[in-house]
Amino acid sequence: MRHWLLVGLAAALLAIPACNTSHTVKIEPVEIKPIYITLDVYIKIEREVEDFFSEVEKRAAETDSEGKSTPESGELK
Amino acid sequence: MNESCSRALLKAVLCAAVLGAMAAAACADTRDEIIDRMAKRLPQLKKYKAEGKIGETFNGLVEAVKSEYWKDKTLRKLVADENADRKAFYALTAEKFETTPEIVARSAGIRNFKTAEPEHWLKLKDGTWVRKKNLEEVRKRKDEKEQKG
């Protein structure tokens, strides 16, 4: 009887480490900076594109108004 | 001997400086030159757009709306010249912001879709041509189809 008690106790002692669970939660480093940089670049590109096409339209309008204001050769005679 | 060497060196330095200045000047006015050419082309481009023969694409270029319009030689040249200048600008801007010309082109596509007239034709990513005034309706229908599917 005592022998069995000792065996049981030994088994219980061996089982203790198995009950010990440990969880390691790995947290990836949160990189916010590059997102801001990317957004900033996109905004800058958007602005550059807008400026470019606006400039094209502006210059075309200027050329058009210059052409209209210039009297035709026929009118001068 | 020493004097001739120093003269040659001075000449080489001067030549390099002149060439460098010329290259810098050439680069500096590239954007301006593109704008100038595109501005001169704009009235004709607007005319073709109003006629429904040329439309804007999602990737910032222009194209003939129907294949039969490609027969028009003037239209062909106009589209080729316009796209060449636009691509040059996209490449320049991409270099400036250390990105790809495709990203700049997509940004231009969005901008040109927004500023298009209601009657103008727009080419979507899936290749379909839609009039600006029908764009929202077409998008809604597509979204509904996707939700059902």
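Per chain, numbering begins at 1; letters A, B, ... match sequence-line order.
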### Task
Assess whether atom NZ of B:Lys142 is packed by more than 12 heavy atoms of other residues, nucleotides or ligands within 6.0 Å.
yes
#### Entry: Working for side-chain contact (heavy atoms from CB on, under 4.5 Å), residues B:Asp32 and A:Arg59
CA-CA 11 Å; B:Asp32 207 50; A:Arg59 216 172 284 185; 2.8 Å; yes
### Task
Kindly write out the residues that satisfy salt bridge (charged side-chain N to carboxylate O under 4.0 Å, His left out) with A:Glu50, not counting sequence neighbours, or none if the list is empty.
B:Arg111
### Task
Give me the contact list for residues 49-87 of chain B versus chain A, heavy atoms only, anything under 4.5 Å, ordered by residue number.
B:Arg86
### Task
Of all the heavy-atom pairs spanning A:Val49 and B:Ala108, show the shortest one and how long it is.
CG1-CA, 3.5 Å
### Query
Do you know which of B:Phe97, B:Phe89, B:Tyr90 has the most heavy-atom pairs under 4.5 Å to chain A?
B:Phe89
### Query
Does any heavy atom of chain A fall under 4.5 Å from the side chain of B:Leu42, the backbone, both, or neither of them?
side chain
### Task
Return yes when atom NZ of B:Lys46 has more than 12 non-hydrogen atoms of other residues, nucleotides or ligands closer than 6.0 Å, and no otherwise.
no
### Task
Please identify each residue that fulfils side-chain hydrogen bond (donor to acceptor under 3.5 Å, both in side chains) with A:Asp51, with sequence neighbours left out.
none
### Query
Atom CG in B:Asp36, atom CD in A:Glu55: separation rounded to 0.5 Å?
9.5 Å
#### Entry: Option that, when pairs with chain A are counted at under 4.5 Å, heavy atom only, ranks first among B:Ile110, B:Asn112, B:Thr99
B:Asn112
### Residues of residues 114-124 of chain B near chain A, each having a heavy atom less than 4.5 Å away
none
